[in-house]
Amino acid sequence: VFIWIVTTMTILSLILKFFYYDVLHIWSNTIFTMTRIKSQPFEFGGSETYDTENGETYSRFVEYVFISPNSWFLGKLKTVKTTIMILPKHLIKLIEGQGKQLGTGILEPIDSATGGIGALEQWKSTARNLLHWRKTIALLCFLPLIMLGIFVPLVIILVLVTALVLSLPLMILLLLYNVFANCNNVIDKTMVDNDEFIDRDIEDLPPEIDSIENLIFSCDPSLTLRKVQADLSATETLNLSSKPDMSTEELENIAVLLLSLNPRRYRMRVLNLDDSRLTDEKLKTLAPLIVRFHTVSIGGKQDFGEEGLEQLRLFMEHVYGSQPVAMDDEIVPLVKCEKILLRRLEIKQSKAKKGVTDLTWVNEEVKGFEHEDEKTLMVNELANMIPYLTSLILDGFLREIRKNKENQLWQLWEKLNFVDHLEILSLRDCDITDRIIQKCLIGLSNVRNIDLSGNPDISYIGWKGLAETFEIRRGNCRIVQLAYQNSKHTIDENSGEQFAKMFCKLQKLDLRGSQISDEAVEKFLEAFGHKEGNNVSILEKLDLSGCNVSQA
C-alpha cells in the first residue's frame, strides 16, 4: 500500500509541475511559446567574413542556439542561450538547394495524381504547419527531459517493489524459524567446540571470580585475576604447578575466565600444571584451556590415567572435526587447526629416591603390575596425540615400564615411524635399549632434535643401527641434532666409530658429561679429516663439555 501511495504521489507531482509552468506561472505564455531555436553568425579565431554584391557582411559559419527567456540564473533573471550546433554557411545553402530541387521534381506527379495545383499547395501548407522545423527541434529538446523525469522514478519504484516482494518469503521463513525452532539454539556445554566454549559465559563470569581482586583458588590466596592477567601479558605463561588442592569447579571457572579474555592482549603460550594431582575429571575439564596453549607441562605427581589423556585427545578430535588418519605406508601429516594451538606436550617424571617407588600417576592404591599396565595404556594414548604435536617430552615417563618394553609400547614406536613433522623428541631416563632403537629407526631419523641422554643400555649396536639408517635415508633423513649426555658407561672405540659415521648427517652432537675413551676421540678426528665422498663431515658443533678425555 505504501509503495502505491508513493507511485501515485510521484505521478501527481509531475502533472502539477506541468500545469504550473503552463498555466499558473507568471511567464506561462512565454515559457513554451518563446522558447525557440535561432540561427546567428558565428565567428572564431581564424574564420573570416566576406561581403556580398549588395554590400552586406556574412559569416562563413552559422550558429544555432536554443534561447530560454526569463530564466533565473544565480539569483538574476536572464535570457539563456545554449549552443546546439555550428554549421558552415555553404553546407546550409547546399541543403536548401537540394530541398528546392526535390520539391520541383515531385511537382508534376503529385499534381497529376491530385488533379490540380491547388490541392498540392494545400497539402504543402498543412505539412509546413505540422512540421515546422523550429517547433519540432524545440519539442525534441524537451522530450528527453520529460521522459527522463517520468520513467526514472517509476523504474526505481518498480525495482524496490520487486525486491520487497521477493524478500517476503525469506522473512516469513526466518520468523517461523525463530518462533518455533528457538529451542534448538540451546548450547550443550558438554559438547561444544572451542569457539562456543569461549562465548558461552563471556558476559556472565563465575561468581567466585567476578572481581579481578577476588581469589581464584582457595588453596592459593596470592593468585588473583589481576595476577593471572599480568603474567599472561608479560610472559605469556600461566603457572598452576604444585597446587594439588585445586577443585574441579575452580578449574572450570578459570578455564571459562581465561577463554573469555582478549587473545590479542593476553597471549597464552606456556601452561605449567606439574605436580598438581590432576585427575581424569580435572584433565577433562581443562581440555578446552589446554588446547589454547602452545606448550603444556603435566608432569610430576599426577592422578590421571589413560582415561584422562583419552578425553583430551577426543576433545581435540571434536574441535578438529575428524580423526587424523593415513593409509598404510603413508606419512601421518601434522594436524593444522586454528582452534588447536597445542604443539608441545611435556610429561616429565623425576627419578624416585632410592628404596621408594613412585606410584603417583594413578591412584596411590594401585600397585605393581596394575600400575605398569596403566602406564602402558597412557603411552599408547599419547601416541595417538602425536599428529597434533611438534614436540614431545617424555623424560623419565617410560622408566617404570620394565617388562618387554619394546613390545608393550609398540604403538608409540609404530607411530614414530609414520610421522615426519616432529621437531623435538626427548626420551631421557626412559631405559631405552638397543631393541627399542631397532623398533623405530625410521621414526628417530625423522625427528630433527633427539635426546637419548640417561639411557645407559644403548650400546654400539643401537648406535650402529642409527648410523646405517642415516646413511640409507640420506635424502629423507631429517635429524640434525643428537644428545647423549652423562653416559653411565664409557663411550668406547666401537660406539665412537658409530658416532663418527653420523658426522656426515648431524649438525650438532651433544656428549656433555660423558666418559670418552682415547680410541673414540681418534675416530672423531678421522671423521673430521674426510674431505671427499659421502662421508664429508657437516658437523658444526661437537659438545664435549665435562667429558673426561686424556691429555694425550
Side-chain angles (χ1 to χ4, degrees), residues 241 244 251 271-287 290-291 293 295-318 323-324 332 342-352 357-389 391-419 422 424-433 436 439-440 443 451 455:
S241 62
L251 291 175
L271 175 60
N272 188 354
L273 293 168
D274 290 341
D275 300 314
S276 294
R277 293 284 187 175
L278 296 178
T279 62
D280 293 335
E281 184 65 25
K282 291 180 180 180
L283 195 60
K284 178 182 177 181
T285 301
L286 287 173
I290 288 176
V291 299
F293 281 84
T295 301
V296 177
S297 180
I298 51 175
K301 296 181 180 180
Q302 307 288 357
D303 292 329
F304 64 83
E306 182 261 346
E307 182 182 352
L309 293 176
E310 182 183 15
Q311 292 297 329
L312 177 59
R313 176 182 59 83
L314 291 176
F315 180 82
M316 289 193 289
E317 291 179 0
H318 175 70
Q323 182 178 1
V332 179
L342 180 61
R343 285 293 179 260
R344 180 184 175 104
L345 184 61
E346 299 182 4
I347 308 181
K348 298 180 180 179
Q349 179 83 47
S350 59
K351 286 187 178 181
T357 304
D358 187 2
L359 300 173
T360 59
W361 283 100
V362 292
N363 294 331
E364 290 183 348
E365 64 269 13
V366 180
K367 303 291 182 180
F369 292 112
E370 293 182 2
H371 173 239
E372 192 168 333
D373 293 339
E374 177 73 9
K375 198 69 159 291
T376 300
L377 295 175
M378 293 173 65
V379 174
N380 291 332
E381 190 59 48
L382 287 172
N384 295 328
M385 297 170 61
I386 288 180
Y388 298 92
L389 306 174
S391 302
L392 181 60
I393 313 298
L394 299 177
D395 295 351
F397 186 64
L398 310 182
R399 184 175 52 250
E400 296 179 7
I401 305 176
R402 297 180 178 85
K403 62 175 184 178
N404 200 10
K405 187 179 300 185
E406 61 273 12
N407 293 327
Q408 288 281 78
L409 305 180
W410 66 270
Q411 192 168 347
L412 174 61
W413 315 133
E414 187 72 14
K415 185 70 71 173
L416 289 175
N417 287 330
F418 288 95
V419 295
L422 277 181
I424 300 175
L425 176 63
S426 181
L427 298 175
R428 279 175 168 261
D429 302 317
C430 288
D431 292 340
I432 303 297
T433 63
I436 295 176
K439 288 281 185 179
C440 55
D451 191 348
N455 295 293

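All figures in this text were calculated on a predicted structure; none of them were measured in a lab.
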What's the shortest heavy-atom distance between [X] and [Y], and which atoms?
X: Ser241; Y: Ser276; answer: CA-OG, 3.8 Å
X: Leu251; Y: Thr285; answer: C-CG2, 4.2 Å
X: Ile432; Y: Asn455; answer: N-OD1, 2.9 Å
X: Leu412; Y: Asn380; answer: N-OD1, 4.1 Å
X: Phe397; Y: Cys430; answer: N-SG, 4.0 Å
X: Leu309; Y: Met378; answer: CD1-O, 3.7 Å

Derivation of the side-chain contact (heavy atoms from CB on, under 4.5 Å) call for Leu427 and Leu398: CA-CA 8 Å; Leu427 298 175; Leu398 310 182; 4.2 Å; yes

Can you tell me how far [atom2] of [Y] sits from [atom1] of [X], rounded to the nearest 0.5 angstrom?
X: Trp410; Y: Lys415; atom1: CH2; atom2: NZ; result: 9.0 Å
X: Leu345; Y: Leu271; atom1: CG; atom2: CG; result: 10.5 Å
X: Glu346; Y: Thr295; atom1: CD; atom2: OG1; result: 6.5 Å
X: Gln411; Y: Ile386; atom1: CD; atom2: CD1; result: 9.5 Å
X: Glu414; Y: Leu409; atom1: CD; atom2: CG; result: 13.0 Å
X: Ile347; Y: Ile393; atom1: CD1; atom2: CD1; result: 10.5 Å

With sequence neighbours excluded, residues passing side chain to side chain donor-acceptor pair (under 3.5 Å) with Asn417: none

Set of salt bridge (charged side-chain N to carboxylate O under 4.0 Å, His left out) partners for Asp275, sequence neighbours left out: none

Residues that Glu381 engages under salt bridge (charged side-chain N to carboxylate O under 4.0 Å, His left out), provided they are two or more places apart: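 Per chain and number, Glu381 pairs via salt bridge (charged side-chain N to carboxylate O under 4.0 Å, His left out) with Arg313.
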
Donor-acceptor pair between Asp303 and Thr279 side chains, under 3.5 angstrom: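 On atom types as modelled, these side chains do not qualify, holding no pair under 3.5 Å.
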
Donor on one side chain, acceptor on other, Glu310 and Asn384, under 3.5 Å: no

Evaluation steps, side-chain contact (heavy atoms from CB on, under 4.5 Å), between Asp274 and Lys348: CA-CA 9 Å; Asp274 290 341; Lys348 298 180 180 179; over 6 Å; no

Lys282 NZ/CZ over Phe304 ring centroid, <6.0 Å and within 45° of normal: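 No cation-pi geometry.
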
Hey, does the side chain of [X] reach the backbone of [Y] with a donor-acceptor pair shorter than 3.5 angstrom?
X: Asp429; Y: Gly396; value: no
X: Arg428; Y: Leu394; value: no
X: Glu374; Y: Glu306; value: yes

Check against side-chain contact (heavy atoms from CB on, under 4.5 Å), Ile298 and Leu278: CA-CA 8 Å; Ile298 51 175; Leu278 296 178; 4.3 Å; yes

Sub-4.5 Å side-chain heavy-atom contact between Leu283 and Gln311: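 Side chain of Leu283 against side chain of Gln311, heavy atoms only: no contact under 4.5 Å found.
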
Note, Leu312 side chain near Met385 side chain (heavy atom, < 4.5 Å): yes

Trace of the side-chain contact (heavy atoms from CB on, under 4.5 Å) decision for Val296 with Asn272: CA-CA 6 Å; Val296 177; Asn272 188 354; over 6 Å; no

